[in-house]
Amino acid sequence: MGSNKIRDIYDILFKTFGHQHWWPGDTQFEIILGAILTQNTSWQNVEKAIRNIKNAGLMAAAKIYALPEDCLAQLIRPAGYFNIKTKRIKSLLKWLFDNYEGSLEAVGNLSDHALREQLLGIKGVGRETADSIMLYAFGRVVFVVDAYTARILSRHGLIDEYCDYEQLRELLEGALPADAVLFNEYHALFVRVGKDYCRPKPRCADCPLNCLPIVSGLFEQ
DNA sequence: GACCAGGCACATC
DNA sequence: GATGTGCATGGT
């Protein structure tokens, strides 16, 4: 029930938008950094922060770990919430260096379950950030749920908008073949159509998913 | 000038 | 367990 619709939505999105080439990042470390920087923040702003770090020649775990907090905060300023994100990045790096000598390769030896538990234990890494790191930095078969996922599926009447994160993740993982490449593409496509059309105030004209009848029922005054 | 963005932790009830 | 709030820059 509903699983065919979930596949149908994927097909429409992929036909409309094609490959999204996610995650936009050159290295495993850059992906992880981006996962924290993009929390409740547009990728456009994150790119500025990443560029600052690269221009300073600091895009490496050990270099960021050694950097004073106020320096890091200034570099990532364009990404917003820069004081909090500085602490989150530092806490992730402290975990990485305290437990794995700074080696992401060593982290990669953890089982899916252990990796997720470890990531969720880091202050500043919640479920979406952990799952983004799992999927996009480590290629684990985890569906990354975000605000767009919930909004889009709820506007198609497939879920309650305030559906629990884990329930929604299980729904998607159950409706789709367990394939990291597919999960990668689908999450990126949700973000793509969400940004363009499925905003809090919907912009349904020309949206390829065409949930206008449902949405107008929900939002008309 | 509002609205919004690829969340999360923490306080309070 | 559910709900509310602070965190902050930058594009539309």
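The chains referred to below are lettered A, B, ... by the order of the sequence lines, with proteins before strands, and numbering in each begins at 1.
Ring-plane geometry between A/H187 and A/Y136 is classed as tilted, the angle between the planes lying from 30 to 60 degrees on a 0 to 90 degree scale.
More than 12 heavy-atom neighbours from other residues, nucleotides or ligands sit within 6.0 angstrom of CD on A/E166.
At a threshold of 4.0 angstrom between heavy atoms, the contacts of A/V46 with the nucleic acid are absent. Using a 4.0 Å heavy-atom criterion, one finds that A/R88 contacts the bases of the nucleic acid, with or without backbone contacts as well.
For the pair A/I89 CD1 and B/dC8 P, the computed distance is 14 Å after rounding to whole Å. Counting to the nearest Å, the C1' atom of B/dA9 and the CD1 atom of A/I84 are 8 Å from each other.
Comparing C/dT3 with B/dA5, their C1' atoms sit 22 Å apart, to the nearest whole Å. With P as the reference atom, C/dG10 and B/dC8 are 22 Å apart, rounded to whole Å.
Aromatic ring centres of A/Y148 and A/F190: separated by at least 6.0 Å.
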Name the pairs: protein N/O against N/O of nucleotides 11-13 of chain B, kept only if under 3.5 Å.
none

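To the nearest 0.5 angstrom, A/K87 atom NZ is 10.5 Å from A/L72 atom CG.
The residue among A/K85 and A/R199 whose nearest nucleotide of DNA chain C lies closer to the 5′ end is A/K85. Place A/R151 and A/Y165 on DNA chain B by their nearest nucleotides, and A/R151 ends up nearer the 5' end. Each of A/K123 and A/E128 has a nearest nucleotide on DNA chain B; the 5'-most of these lies closest to A/E128.
For the segment residues 26-34 of chain A, the set of residues with a heavy atom within less than 4.0 Å of an atom of DNA chain C is empty.
Looking only at distances, no side-chain donor or acceptor of A/R116 sits under 3.5 Å from a matching main-chain atom of A/A130.
At a threshold of 4.0 Å, the pair A/D131-A/R140 does not count as salt-bridged, since none of the basic side-chain nitrogens sits closer than that to a carboxylate oxygen. Between A/D196 and A/R192 there is a salt bridge, with a side-chain nitrogen of the basic residue lying less than 4.0 Å from a carboxylate oxygen of the acidic one.
On the nucleic acid side, DNA chain C has its first and last nucleotide under 4.0 Å of a heavy atom of chain A at C/dC7 to C/dG11, going 5' to 3'.
The shortest distance between side-chain heavy atoms of A/Q20 and A/V191 does not fall below 4.5 Å.
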